[in-house]
Amino acid sequence: MDSLAAVTQVGLLLAFTAAVIAAVEVALFVFIYRYQSRFYWPLVLGMALPLAYGAAKVFGKGAVAAPDDLSVVADPTFWESLSLTWGGGTFLGVLGAGLFFKTTIKGRYGVPAMMIAPAMLFVSLLVVFPFFFELRLAFANLNLYSIGRWIQGEPLGFVGIDNFINVFTSSPLQTATFWELFLRTILWTFINISFHVAFGLGLALLLNRPIRGRAIYRTLLIVPWAIPQVVAVLAWRGEFHPQFGMVNQVLNMFGVSSVNWWSDPVPIFISCCIVNIWLGIPFMMIVFLGGLQSIPKTLYEAAEIDGASIIKQFLEVTVPMLKPVVIPSVTLGTIWTFNNINVIYLMTGQDGGNESADILVSALYKSAFTYSRYSYSAAFALVIFGILMGLTMMWMRVSGGTSRGVAK
Amino acid sequence: MKKNWWVHGILWVACFMSVLPVLRVIAVSIRPGDRLFTTEFELIPKVTTWSNYTEVFTQTGFFSWLGNSLLITIMTAMIGVILSATAAYGISRYKFPTRSALLVLLMGTQMIPVVVLLLPLYFILRRLNLIDTYSGVIVAYSVTTLPFCIWLLKGYFDTVPRSLEEAAQVDGLTVVGSFWRVVLPLSTPSLAIAGLFSITQAWNEYIVARVILQSSEKYTWPLGLFELQGDFSSRWGLFAAASVSVSIPVMIVFLYSSKWLLTGLTVGSVKG
Amino acid sequence: MSELTITNIVKSYGHKNVLNDISFQAKEGEFLVLVGPSGCGKSTLLRSVAGLETVTSGSIRIGSKEVIGLAPKDRDIAMVFQDYALYPHKSVYENIAFGLRIRRMPEAEIDRRVQEAAGKLDLIPFLNRKPSALSGGQRQRVAIGRAIVRDPKLFLFDEPLSNLDAKLRGSMRISLAKLHKELNATSLYVTHDQVEAMTLADRIVVLDSGKIQQIGKPLELYYRPSNVFVATFIGSPGMNLIDGRLEDRGTQMYFRTHKGLLVEVPTDWHQALRAKPLTGKDLIWGLRPENFRLAQEPVDAAEKDRVFDATTVVTELLGPTSSVLVDIHGHEIYVSLPAPHRPTRGTRLKLHFKSKHFYMFDKATSLAVIAT
């Protein structure tokens, strides 16, 4: 593709989106808020009619085909899809909320409703609605064979909790069972977080010393975090190549025979762990370094006067003072690692690949999009959702202040 | 300094480990094609060539991938920031029924990986004819970025004293005007963090894009890169050249902004 | 400049009235101070006048214009906030000019006004600084500058001095008084500090639990408090209160405290007291600490019955005066004595209470028995 044309088109597109969103929001705020009484109803009618037309066009029977493609920027259907998804949603949100609250509760919630509604509309469209849809799917029997009929208009069936039972009894992939995946997820999370914390803390302690070249060390150590994850994982995958990869070459240098990292069950899991540990250390290191630097020097001086040894100082001053940094970052890291699909999916290859490294989320992805077991995956997703909720509750319990934070 | 030799020693090893794969990729990228499949471990190639770069730039869809990624990234960030700024302000400033439920929803959403919701989202996008479109990818990315940006900005707005807006209102602005002319200019750093977060999310995303984008001319760069690396045997050098070209600007931006990002993360989700 | 008229303002959250039927008027150019303990509704009232909060019912007029329902920007007011509320991203100059810019005033006029205001407040050297580079007192002056530059119909002050340290507060109080003399602008000033109220106000409105307790000139409130609340709130240290009853013995009237101390009531009160059915009612006798003096100097015959034997409990030295807690017939009473006197614990004193400062309140209603 002609790159100049591409740049121009990108520019056009950006300008357009910005214009749609900004114009809709600003116009509505200005008009509804400033001239509420005089212009409100004419405005509502004037803007609703074209919108209704557009909506009818998109959601109606003759819906537009494949709307956007850089080569069809000039095609009006593309603009329709764009402005209708974002501009239209924003508009409907602002309008609906403003309308509802202004007319019903005497405008008390008018302004906040208008401000919140657009984003909330999208959050509900993107999070809440999919969730309920997923719930419905989980009780249906949608798979590669029945999807065609569903698209033709056949209603979703109802099979009770069969899918949920299947999640625990049959493999989400080909052989790996749910419990196997579950245990591996726990192992995966535990191994990764332990190494992240251990190495992160160790390096942070070293970097916290007044040594020469600290800034350079810090920058170099941050590299794994800075590099795009996809690049890093794919590069590592190359290094684990059984024949040409660096890892085996180094092992050979020490007289160890090559390991088949790409296909043997245990090595493939180990290689995933190594990659993810390598990726995650810098985050912990930086967080801990920040925590260490915020500990007042006077505490160490006081401990020294009290005659505490270096180890004692570490245990009695550093550890307790780091706690407020460690707890949230470890919980955050736990959730990230639990949810980390990138590393495993990219390391094991896309087409089902090797199952012996899969964790819950990567298995879910494969079962939905590689094996096309839709209803089964919906149930599986809800089970994972439940586990995550449990984790979150635990976090709230541990960090304590969360409910207060929410209330604030 | 002598006392610290072991500190420097450990840090040297750690630094070496952390940059080694990067150096390897760079080395591979400038290695001529006939020396790609060497079984010797060599970090600095004896013969160098730029041919991998020229081939990536001319023979693959590299710039098209970059353009696609750029488009999707910037739009995701813009939508995230614009929509979440108003919403976060509303949530921060007004007490209304359902407010706390909303906050729990926003926070809960951050715990859930997008994969869990990807299937229903896929069907919805399919129904709306948004599969294999940029809009579809942007919609899906907003699942992650919107709640996070709202949460982050809400946390920031909570720290802006209310009397500032009251002063602005007494000075002659409307409620919306005081938000626009006083609160927003004050919040540029947080808006930047929210934008930066959305950008890094969208720029590096692979899993979602793979489901939604199907035709190769719409691929974002991670999809393209995987394709290059997928058939490993023939295009390892191309993959390396493309990786280097993509990563260097990203790493510069990241190293420059890592402090910001970190504060953003802690303000946004840790403080919760 | 114009007057401010507040009529029957009520504000309620659910069943709780935060403001209860408030009515008063600030005349043109008057400096009116709203004073009361925290939570009494004074800030709510001020913010309602500003339009930052809504009221349930009632009317607020600035000049002849009804402002209920108007946005703050349409009320032509200026306000100084407790935390100054300076825009942190704007320079001092821009902070002061902001309100004028919003009103699209010509640049030359803005500059003239900002310079003039800055001159009045000694802010010229700081015009290009950001608020974060200023001290507390300087920020306070910028906040005031931002208000006066607008030349509004009404100034509102929300505890503007409470974030300053004691010394600065004193000097800012004097600057404010001077500024008001110069501008002669109608002002509504909220504070919880009765000293501020007494020194700055033309008139004071005392608020408690959402109700007006008394409106009057500073000394009126001091000498003629209309109820127990005002009596204890105004004046420092506060008034001593003793429960008791009135005894009428024909030619003489006595106040018998609940511990049996008998005090003669001044004769000029007799007639007014007899006009009300007070005998047998529970009353409160109020004594201001500063109305006592040592009875060493000769006391004339008519005052003889108001000389008490007292035993010192604690003495606090305040410099010019000593605050002494004494025991008079079992009642613990605070007394202010001039500095040379610093009785130690247990020292016996003869204290004379001046008869013309005689306060009496009805215990049931807390109201002053005689409106003087």
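Throughout, protein chains are lettered first and strands after them, A, B, ... in sequence-line order, and every chain is numbered starting at 1.
With a threshold of 4.5 angstrom between heavy atoms, A/Leu234 approaches chain B through its backbone and through its side chain. Neither the backbone nor the side chain of B/Ile252 comes within less than 4.5 Å of any heavy atom of chain A. When heavy atoms are compared at a cutoff of 4.5 Å, A/Leu142 approaches chain B solely by way of its side chain, counted from C-beta outward. Within the 4.5 angstrom heavy-atom criterion, no atom of B/Leu66 approaches chain A. Heavy-atom distances place the side chain of B/Trp221, and not its backbone, under 4.5 Å from chain A. The parts of A/Ile227 that come within reach of chain B are both its backbone and its side chain, each placing non-hydrogen atoms under 4.5 angstrom from that chain. Only the side chain of B/Val22 comes within less than 4.5 Å of a heavy atom in chain A; its backbone stays farther off. Using a 4.5 Å cut-off between heavy atoms, A/Val233 does not touch chain B at all.
Options A/Ile281, A/Val230, A/Asn252 differ in how many heavy-atom pairs under 4.5 Å they form with chain B, and the most are formed by A/Val230. Of the listed residues B/Ile91, B/Asn204, B/Ile112, B/Val116, the one with more heavy-atom pairs under 4.5 angstrom with chain A than any other is B/Val116. Annotation: maximal heavy-atom pairing with chain A below 4.5 Å, among B/Val246, B/Thr109, B/Leu11, B/Ile150, occurs at B/Leu11. Ranked by heavy-atom pairs shorter than 4.5 Å toward chain A, the options B/Ile248, B/Leu121, B/Val25, B/Val244 are led by B/Leu121. When each of B/Cys149, B/Pro113, B/Gly90 is checked for heavy-atom pairs under 4.5 Å with chain A, B/Pro113 comes out on top. When the candidates A/Phe199, A/Trp236, A/Phe131 are compared by the number of heavy-atom contacts under 4.5 Å with chain B, A/Trp236 comes out ahead. Of the residues considered (A/Leu221, A/Leu137, A/Val223, A/Ile335), A/Leu221 shows the highest number of contacts with chain B, using heavy-atom pairs under 4.5 Å. In terms of non-hydrogen atom pairs under 4.5 Å with chain B, the most contact-rich of A/Val361, A/Ile341, A/Ile384 is A/Ile341.
Between B/Phe62 and B/Trp65 the shortest side-chain heavy-atom distance falls below 4.5 Å. Residues A/Trp336 and A/Asn340 are not in side-chain contact: their nearest non-hydrogen atoms beyond the backbone lie 4.5 Å or more apart. A 4.5 Å side-chain heavy-atom check between B/Tyr134 and B/Met75 finds every atom pair outside the cut-off. Between A/Val383 and A/Leu360 the shortest side-chain heavy-atom distance does not fall below 4.5 Å.
For the salt bridge (Lys or Arg N to Asp or Glu O under 4.0 Å) test, residues two or more places apart in sequence or in another chain that qualify with B/Arg93 are B/Glu165.
Screening residues 101-127 of chain B for ring pair (Phe, Tyr, Trp, His ring centres under 6.0 Å) gives A/Trp150-B/Phe123, A/Phe369-B/Tyr122, A/Tyr374-B/Phe123 as the qualifying pairs, with residues at least two apart or on separate chains.
Ring geometry for A/Trp225 against A/Phe283 counts as perpendicular: the plane angle is over 60°, on a 0 to 90° scale with 30° as the lower cut.
Considering every non-hydrogen atom in both B/Asn68 and B/Glu217, the closest pair reads ND2-O, 3.0 Å. Counting all heavy atoms, side chain and backbone alike, B/Pro147 lies closest to B/Ser142 at CD-O, 3.6 Å.
Judged by the 6.0 Å and 45° rule, A/Arg237 forms a cation-pi pair with A/Trp262.
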